[in-house]
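Counting starts at 1 for both ligands and their atoms, following the listed order. Reckoned from all heavy atoms, side chains included, excluding hydrogens, waters and symmetry mates.
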Amino acid sequence: MKDTLKTFNEIASLLLEKEKSKPVADFIPSKDVFNTLDISLQETPVVDEVFLNSLKELLLHTPKTATNTFFNQLFGGRNDKAVLGDLLAVMINNSMYTYKAAGPQIGVEKVILEKVCAMIGWDTNSGGSFAPGGSMTNFMAMLMARDSKNNHVRLDGVSERMTVYTSTESHYSIPKNAAFAGIGRNQVRYIPVDSFGKIIPSKLAESIKADIKNGYIPTLVNATAGTTVLGAFDDILPLSEICKKYDIWLHIDGAYCGSVLFSNKYKHLIKGVENADSFSFNAHKMIGTPLTCSLLLVKNKMYLDQSFANEADYLYQTDEDDFNPGKTSLQCGRRNDALKFWTLWKSVGTKGLEAIVDKQFELANVARTYINSNPDYKLYSYDNSISVCFNYKDIPARKLCTLLYEKSKLLVGYGTFNDEEFIRLVTINAQNENEDILHFFNTLEVFINENSFLVNKSFK
Ligand SMILES: *Cc1c(COP(=O)(O)O)cnc(C)c1O
């Protein structure tokens with residue numbers, strides 16, 4: 001193992017060096033990937049040198065998500081304290097279902113969940129779990145909502161016509177999960193949004209009333225804290241009033257930006273979160289831990305037990321259920337996603353997490369200020385969002401983003417809202433500085449200058 005760690009160090013150092021000199025990996029068209037790199041598997045072992053070279057080549061050709069040229073998705077950067085925790089989680093290789101198998105690591109998970117619940121403002125009846133991704137924490141919330149309406153569903157299957165409400169701008173996991181949960185994709189009601197991308201509460205109320213009239217059972221309202229394209233925050237307070245009135249489970253999908261909970265300056269964006277029944281966020285997005293680190297918090301932990309507990313004599317042989325989180329989780333064997341969050345939180349403190357969150361809004365402000373000061377740009381998004389959406393010289397965003405990728409300049413994506421398509425610059429990498437954001441715009445402008453056909457009418 002010690003030799004392997006040496007090898008790891010050597011390869012990791014090489015990666016870090018190359019990230020500096022070459023922050024974007026060379027583009028390899030997917031059709032060429034097996035001809036370009038030695039990925040194939042054989043019957044017989046390869047000698048160490050061949051193995052090492054193949055591995056290095058593979059890594060160096062992999063998209064570099066931690067550099068200052070990656071703005072493509074809702075994660076980025078590399079936080080060394082969190083990486084340390086994740087590497088150690090691999091070394092100790094516990095499974096997070098029982099105290100017997102994971103010991104104090106269960107305490108690590110518990111302390112994070114308890115602390116976050118307290119920050120939300122919930123009492124000790126609250127609880128939570130870690131699941132492999134925000135889609136899955138949303139799924140857990142939907143299952144609890146379903147079972148809270150009718151806990152016989154767990155035994156007999158869904159027989160009533162349940163409905164789910166979410167905005168047109170919400171994440172695609174909602175309809176997918178409705179299919180998984182037996183509720184059905186067609187029972188998802190997409191509520192329109194205002195010009196800021198926020199759900200319109202009066203439209204939600206109308207939709208619920210119409211469904212009740214038609215014999216449906218409204219089961220879940222999903223609000224989004226940071227929509228995937230615009231980074232918009234649904235107003236939680238009016239939604240929570242509607243949910244209270246009609247007795248509907250309210251879940252806040254904060255996968256993207258729910259971590260504003262850690263910021264005194266920005267937590268007003270999720271005002272009313274304490275009124276929700278469940279809340280989820282991805283620490284691998286705004287907090288910047290490695291993937292995946294997804295937390296689900298629930299106001300009344302009884303619902304976790306109701307939906308996820310199962311007896312299993314071969315597994316649960318010791319200790320209280322309270323220290324056997326397998327009883328309240330989606331999976332059986334479970335990776336230790338808590339330790340990386342804990343190593344980060346322990347080392348920088350809650351204040352440090354706040355600084356990480358605030359930094360991203362600062363960077364977004366730098367980007368918006370730049371865009372607003374230059375008439376060649378058109379801005380589509382609003383303050384208090386870390387998704388900065390814009391177009392440059394009316395160049396079609398989709399084509400521009402693809403070319404930037406194929407020419408190994410920048411990784412950035414595009415999005416659409418109200419039939420407009422635009423580039424979406426995500427300032428989620430808190431290791432970036434203001435000059436990295438300006439470097440992004442500079443790279444873009446230089447690229448367009450060098451490829452003047454982009455601004456021709458015919459290209460558009
Ligand atoms: C990213 C995201 C998800 C999904 O999270 P994964 O961890 O990728 O499964 C869900 N909802 C929103 C709003 C997101 O931005």
Between ligand 1 and [X], is the shortest N or O to N or O distance under 3.5 Å?
| X | result |
| --- | --- |
| Ser173 | no |
| Gly134 | yes |
| Asp253 | yes |

Between Ser135 and ligand 1, which part of the residue brings a heavy atom under 4.0 Å of the ligand: side chain, backbone, both or neither?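 For Ser135, backbone and side-chain atoms both sit under 4.0 Å from ligand 1.
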Within reach of ligand 1, part of Leu291 (heavy-atom separation under 4.0 Å):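 No part of Leu291 comes within reach of ligand 1.
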We want to know whether Thr219 and Trp249 form a side-chain donor-acceptor pair, criterion being a heavy-atom distance below 3.5 angstrom.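 Short answer, no.
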If we count only N and O atoms by modelled type, under 3.5 Å, do the side chains of Arg161 and Tyr216 hold a donor and an acceptor together?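 Side-chain D/A pair, Arg161 to Tyr216: present.
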Could you list all the ring-ring contact (aromatic ring centres under 6.0 Å, His included) pairs where at least one residue sits in residues 166-190, not counting sequence neighbours?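 Those involving residues 166-190 are Phe139-Phe180.
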Any pair counted as ring-ring contact (aromatic ring centres under 6.0 Å, His included), so long as it reaches residues 423-442, sequence neighbours left out: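 Applying ring-ring contact (aromatic ring centres under 6.0 Å, His included) to every pair that reaches into residues 423-442, excluding sequence neighbours, yields Phe71-Phe440, Tyr370-Phe441, Tyr377-Phe441, Phe390-Phe441.
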Show the atoms of ligand 1 that are less than 4.0 angstrom away from any heavy atom in Gly133.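 That gives atoms 7 (O), 9 (O) of ligand 1.
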Any heavy atom of Met136 sitting closer than 4.0 Å to ligand 1?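 No, Met136 has no heavy atoms under 4.0 Å from ligand 1.
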Using non-hydrogen atoms of the residue, decide whether Thr292 is closer than 4.0 angstrom to ligand 1.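 Judged by the 4.0 Å heavy-atom criterion, Thr292 does not count as contacting ligand 1.
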